[in-house]
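Notes follow once the structure below has been shown.
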Amino acid sequence: MEPHDMSQVAIKDALSGRIEAGTTVTIKGWVRTRRDSKAGLSFVNVSDGSCFDPIQVVAPAELANYDSEVRHLTSGCSVSATGTLVPSQGKGQAFELQAAAIEVLGWVDDPETYPIQPKPHSMEFLREVAHLRVRTNTFGAVTRIRHCIAQAIHRFFSERGFYWVNTPIITTSDAEGAGQMFRVSTLDLANLPRDEKGRIDFREDFFGREAFLTVSGQLNVEAYCLAMSKVYTFGPTFRAENSNTTRHLAEFWMVEPEIAFADLDDDANLAEAFLKYIFKAVLDERGDDMAFFADKIEKTAIRRLESFIASPFERIDYTDAVDILAKAPRKFDFPVAWGADLQTEHERYLTEEHVGRPVVVTNYPEHIKSFYMRLNEDGRTVAAMDVLAPGIGEIIGGSQREERLDVLDARMKQFGLDASHYEWYRDLRRYGTVPHAGFGLGFERLVVYICGLGNIRDAIPYPRAPGSAEF
RNA sequence: UCCCGAGUAGCUCAGCCGGUUAGAGCACCUGACUGUUAAUCAGGGGGUCGUCAGUUCGAGCCUGACCUCGGGAGCCA
């Protein structure tokens, strides 16, 4: 609130009933629609992002600029409206602003080509105008819910004694094994320095060695876990995979809790409590936005969150899951066999058809999972888990970490990793090692699921994907 | 990266068997109308049919290449 304008209020507050009727207030925002009434007055719906609903500003013909300006307002114009907050005489809203003055702050050049019209737009079109799409109902709601989820994540962990650890965005670990990485370099691409063998000489580069954008904060956060006991990362993550799907981004946000003195069971329990806490927070705090998604985007949006919260997660051992799939009364495009990773169609069958609620699949074959996952007593599986949810598939992947140095070394050798690149990681097993576990959750996938969106590119303000980094 | 599909007005789409001047709804502009809320009603303006090449007397429509977008798969979060 500006000091010179103490009467300015957020539209959220003006509509909530917290401000006494008859109070003179000023609202500032952007015009959604204008309707001219036969009574010689206009209704201007104004939005400022503070809540789902716009406020209805009633503009009487007596306003000095009624004919010259008010009657020419179009979607997207910015305005400041001052008047009396009154109970609405019309249906559709409890309060409205009886305007005494409307100042136009910014006009829309060429209203006909202004991309955001008061009509349904396709999500595909809106992706082309990412800087303006947040002015729509849908993306305003996504933005508020994304914020709500982020706040709930921090609150969940903080309430349980977790510390938020900011792991580095730039990494020099060249073999994290989580996929293609984006190179970070200040070398002149047109004039690369060469070493004695003719290879690019990264000793000349900014960090004196090869550097990349992080693909996961896990290894770094493990170190903090083994001192702070309960920690989590929540930050940007980068994958240079050439994957063009509704579930992948080149730049996304990831949440990675890590807990010490914990096994896979504790990890799964944490994942379950975590997801339920987030969903409950969204239902409690963003009922207006969720009602919109249930109405316009995904009919079951609210119901399935309520159902998710009320359902205990099913736990299925990977080996049992393979049996279930082998006996499934339907055919799969990909064969089911012990030792093979579960395909998307398998995961969806398990969670959507076989169980009908969230499923945690545990103890996968060791050769299809990462080197840091703890080898089970059977010697052929690791303490890994995937949380599968109806309608989205895999939403969380996690594991108990290998805390035994000799086993870890053997695993790294098996995976063809150079132990010299992991000395600091090995130190964690040499100095006071303890059982610990954690998981990773793609933040945007959570947003997609909660809002009922069909494409992850609509869950982040400015999506980055192969061949796509505009704005 | 692979497999499908689609590009026509600002947006969403129609466009017959290849045939005269490419249409509709919304949006926009003008006007009418005693409180509207997807306001309504009347009128109006608005097009390099993704790009390039080809077939043909004639291409929005057929052929090829390319570009872009979408869906699915793989990879994964």
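Just so you know, these numbers come straight off a predicted model, no measurement behind them.
- Between F274(A) and F157(A), a ring centre-to-centre spacing shorter than 6.0 Å is recorded.
- Taking atom P in both C11(B) and U51(B), one finds a spacing of 14 Å when rounded to whole Å.
- Of the nucleotides present, U68(B) is the one that pairs with A6(B) by Watson-Crick or G-U wobble criteria, both distances under 3.5 Å.
- Between R348(A) atom CZ and C76(B) atom P there is a gap of 18 Å when expressed in whole angstrom units.
- Distance, D333(A) CG to C4(B) P: 15 Å, rounded to whole Å.
- G440(A) comes within contact range of the sugar-phosphate backbone alone, with a heavy-atom separation under 4.0 Å but no base atom that close.
- Between A59(B) and C49(B), the two C1' atoms lie 11 Å apart (nearest whole Å).
- Counting non-hydrogen atoms under 4.0 angstrom, E251(A) reaches nothing in the nucleic acid.
- Separation of the C1' atoms belonging to G15(B) and A22(B) is 8 Å when rounded to the nearest angstrom.
- Residues F443(A) and F234(A) bring their aromatic ring centres within 6.0 Å.
- At a threshold of 4.0 angstrom between heavy atoms, the contacts of I395(A) are confined to the sugar-phosphate backbone, with no base atom among them.
- Of the candidates G71(B), U36(B), G74(B), the closest approach to any side-chain atom of N455(A) belongs to G71(B).
- Taking the six-membered ring for Trp and the full ring otherwise, F293(A) and F52(A) have centroids separated by 6.0 Å or more.
- Nucleotides G19(B) and C62(B), compared at atom P, are 11 Å apart to the nearest Å.
- For T246(A), whose side chain is taken as the heavy atoms from C-beta onward, the closest listed nucleotide among G72(B), C75(B), G70(B) is G72(B).
- Separating the CG atom in L270(A) from the CG atom in D265(A) is a distance of 11.5 Å, to the nearest 0.5 Å.
- Between S88(A) and F252(A), the residue anchored closer to the 5' end of RNA chain B is S88(A), taking for each the nucleotide with the nearest heavy atom.
- Distance from the side chain of S243(A) is smallest to G74(B) among G74(B), U30(B), U37(B).
- Nucleotide G74(B) holds its P atom 14 Å from the CD1 atom of I368(A), rounded to whole Å.
- A salt bridge does not link R247(A) to E444(A): none of the charged side-chain nitrogens sits closer than 4.0 Å to a carboxylate oxygen.
- The partner of G74(B) is absent, by the rule that a Watson-Crick or G-U pair needs both atom distances under 3.5 Å.
- Using Watson-Crick or G-U wobble geometry with both donor-acceptor distances under 3.5 Å, U36(B) finds no partner in any strand shown.
- Atom CG of N220(A) is separated from atom SG of C225(A) by 13.0 Å, given to the nearest 0.5 angstrom.
- Where H72(A) and F43(A) meet RNA chain B, the nucleotide closest to each residue was compared, and H72(A) sits on the side nearer the 5' end.
- Taking atom CG on N244(A) and atom P on G72(B), their separation rounds to 11 Å, with Å as the unit.
- Applying the Watson-Crick and G-U wobble criteria (two distances, each under 3.5 Å), C17(B) pairs with nothing in any strand.
- The existence of a salt bridge linking R133(A) and D458(A) is confirmed by a sub-4.0 Å separation between a basic side-chain nitrogen and an acidic carboxylate oxygen.
- Ring centroids of F212(A) and F238(A) are separated by 6.0 Å or more, keeping the two rings apart.
- Here S75(A) does not reach the OP1 or OP2 of A27(B): none of its side-chain N or O atoms lies under 4.0 Å away.
- OP1 or OP2 of A39(B) lies within a sub-4.0 Å distance of a side-chain N or O belonging to R35(A).
- Atom CD of E345(A) is separated from atom P of A73(B) by 9 Å (rounded to the nearest Å).
- Distance noted for atom C1' between U1(B) and C17(B): 40 Å (whole Å).
- Pairing for C11(B) is with G25(B), a Watson-Crick or G-U wobble pair whose two hydrogen-bonding atom distances lie under 3.5 Å.
- Rounded to a whole angstrom, the distance from the P atom of G7(B) to that of A14(B) is 7 Å.
- Nucleotide G72(B) holds its C1' atom 13 Å from the CD atom of Q343(A), rounded to whole Å.
- Base pairing of G45(B): no nucleotide in any strand meets the Watson-Crick or G-U wobble criterion (both distances under 3.5 Å).
- One interatomic measurement links the two molecules: CG of L342(A) to P of C75(B), which rounds to 11 Å at whole-angstrom precision.
- C67(B) and G50(B) are spaced 7 Å apart, taking the C1' atom of each and rounding to whole Å.
- In plain terms, the two heavy atoms of R457(A) and P463(A) that are nearest each other are O-CG, 3.5 Å.
- Against RNA chain B, the stretch residues 108-127 of chain A makes heavy-atom approaches under 4.0 Å through P111(A), E112(A), T113(A), Q117(A), K119(A), H121(A), S122(A), E124(A), F125(A), R127(A).
- Comparing atom distances between the T74(A) side chain and each of C28(B), U36(B), G74(B) picks out C28(B) as nearest.
- N45(A) comes within 4.0 angstrom of no nucleic acid atom, judged by non-hydrogen atoms across all strands.
- Among the atoms of the strands shown, base atoms are found under 4.0 Å from some heavy atom of E96(A).
- Rounding to whole angstrom units, CD of residue E128(A) and C1' of U12(B) are separated by 13 Å.
- Not one side-chain nitrogen or oxygen of Q93(A) sits closer than 4.0 Å to the OP1 or OP2 atom of U37(B).
- Comparing U34(B) with C16(B), their P atoms are spaced 45 Å from each other, to the whole Å.
- For Y224(A) and Y232(A), the gap between ring centers reaches or exceeds 6.0 Å.
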